[in-house]
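What follows is one structure encoded as structure tokens, with my remarks underneath.
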Amino acid sequence: MSTTAALRTAPLRARAEIDLAALRANVRALRALAPGAAFMAVVKADGYGHGALPCARAAVTAGATWLGTATPEEALELRAAGLPDDIRIMCWLWTPGGPWREAVRADLDVSVSGAWALEEIIDAARQAGRPARVQLKADTGLGRNGCQPGEDWAELVGAAVRAEAEGALKVTGLWSHFACADEPRHPSIAGQLGLFREMVAYAEGRGLRPEVRHIANSPATLTLPEAHFDLVRPGVAMYGISPNPAIGTPADLGLRPVMRLAASLALVKRVRGGHGVSYGHHYTTPGETTLGLVPLGYADGIPRHASSTGPVLVEGKWRTVAGRIAMDQFVVDLGGDEPPAGAEAVLFGPGDRGEPTAEDWAQAAGTIAYEIVTRIGTRVPRVYLNESGE
Ligand SMILES: *Cc1c(COP(=O)(O)O)cnc(C)c1O
């Protein structure tokens, strides 16, 4: 469906249009940068707010053979949706008592960072009567999840080798995650890569034969070929967002933003000068003017921190949020223009039709574009464009 057709059939309060042709093109562009590596499309957090399943399907069409999520629940939902059986699904954020047995039955690849998790997955595999697919995660310096190098790694690898010999599991991967890959030449990058190679060599020396070794998120996929190994795991770049404007704009990186967020003006009215606007009256009209009411608020994921700063395109002009962003709505000063109620207010999009981008909103709110798209709430319908196609 074309953009205009979708809008004609869906006169909505607000909508997040998701251009799946752009997502497919982004996947292909990223794959071209890592031609020797398999591609894991990271679709956690409902595909960074874009919709996990439609994005997963589009990524698979464009050549992704792996999908990655944070939680096992997210991964199980994808498996239940009936993607091709040969698509591997990995999840990495487990807590004790998690759905390990369901994960084994659903053929998920599960990440294990420590002894408690290895014990639980071995139990689950025995109960399920089939080996689990386990990927051991090394903390090479991020200081978050993952097993510490040295004794901890030796113990974890040793326990995994024994469990593999007993047929309880297959170690399908060895992996890690960068702390500062979005800051090119940050000294931690070389340190993490070196330690990753050492920890992989140790595990392989003990007899593990992982199918995939991987450490590259979006910025490493874009800027660090030596980090591609057997598989890359881009998230944000697949959605057409630059991991850090210091690396380049999406266009510089050959990417196109996938989400476009727009709303229909709920009211346009003329007011006198000196009129306070929205809670707290943090904006006062400088003179007689027109105000436009945008029916989106922080309950929809519009950051309240962008009060008085967030940009919106209305009838070809950039306007700025006037005063506070409320739960469900905010106001823009239209400077005397009188677009009809129902006129489109574009919060962000690819940026090539004059509209702001998610990065502009991130800067207005003092955050990163990841957070802008991911937090767009469930009250905003996603409208999928170009769902079919190569
Ligand atoms: C979120 C995540 C990714 C993707 O990160 P981007 O910066 O969005 O590319 C990759 N690997 C892990 C472990 C993650 O949690």
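Just follow the structure's listing: the first ligand is 1, and inside any ligand the first atom is 1.
In this structure, the protein non-hydrogen atom closest to atom 7 (O) of ligand 1 is Tyr370 OH, 2.7 Å. What sits closest to atom 5 (O) of ligand 1 on the protein, heavy atoms only, is Tyr48 OH, 3.5 Å. For atom 11 (N) of ligand 1, the nearest non-hydrogen atom of the protein is Arg233 NE, 2.9 Å. At the shortest separation from atom 9 (O) of ligand 1 among protein heavy atoms lies Ser218 OG, 2.5 Å.
Hydrophobic clustering places Val277 together with Leu293 (ILVMFWY residues linked when any side-chain heavy atoms are closer than 4.5 Å, directly or through intermediates). Residues Tyr283 and Val268 fall into different hydrophobic clusters, defined by Ile, Leu, Val, Met, Phe, Trp and Tyr side chains chained together at heavy-atom separations under 4.5 Å.
Note: an N/O pair closer than 3.5 Å links Gly235 and ligand 1 by distance alone. Here's the thing with Pro219: none of its N/O atoms is less than 3.5 angstrom from an N/O atom of ligand 1. The shortest N or O to N or O distance between Asn217 and ligand 1 is not under 3.5 Å. Checking only distances, Trp175 never comes within under 3.5 Å of ligand 1, N or O to N or O.
Between Glu338 and Arg270, at least one side-chain nitrogen of the basic residue sits less than 4.0 Å from a carboxylate oxygen of the acidic one, meeting the salt-bridge criterion. Under a 4.0 Å N-O distance rule, the pair Lys317/Asp337 qualifies as a salt bridge. Note on Arg260 versus Glu355: no salt bridge recorded, every NZ/NE/NH1/NH2 to OD/OE distance being 4.0 Å or above. For Glu344 and Arg15, the salt-bridge test passes: some basic side-chain N is under 4.0 Å from an acidic carboxylate O.
Aromatic ring centres of Phe229 and Phe196 lie closer together than 6.0 Å.
Each of the following atoms of ligand 1 lies closer than 4.0 Å to a heavy atom of Val236: 6 (P), 8 (O), 9 (O). Within the listing of ligand 1, atoms 9 (O) sit less than 4.0 angstrom from a heavy atom of Pro234.
Contact annotation for His177 and ligand 1: only side-chain heavy atoms (C-beta onward) come within less than 4.0 Å of the ligand.
The ring-ring contact (aromatic ring centres under 6.0 Å, His included) check on His50 picks up Tyr239, with sequence neighbours excluded. The side-chain hydrogen bond (donor to acceptor under 3.5 Å, both in side chains) check on Glu120 picks up Trp100, with sequence neighbours excluded.
Heavy atoms of Pro243 stay at 4.0 angstrom or farther from ligand 1.
Of the options Lys137, Met40, Lys44, the smallest heavy-atom separation from atom 15 (O) of ligand 1 is shown by Lys44.
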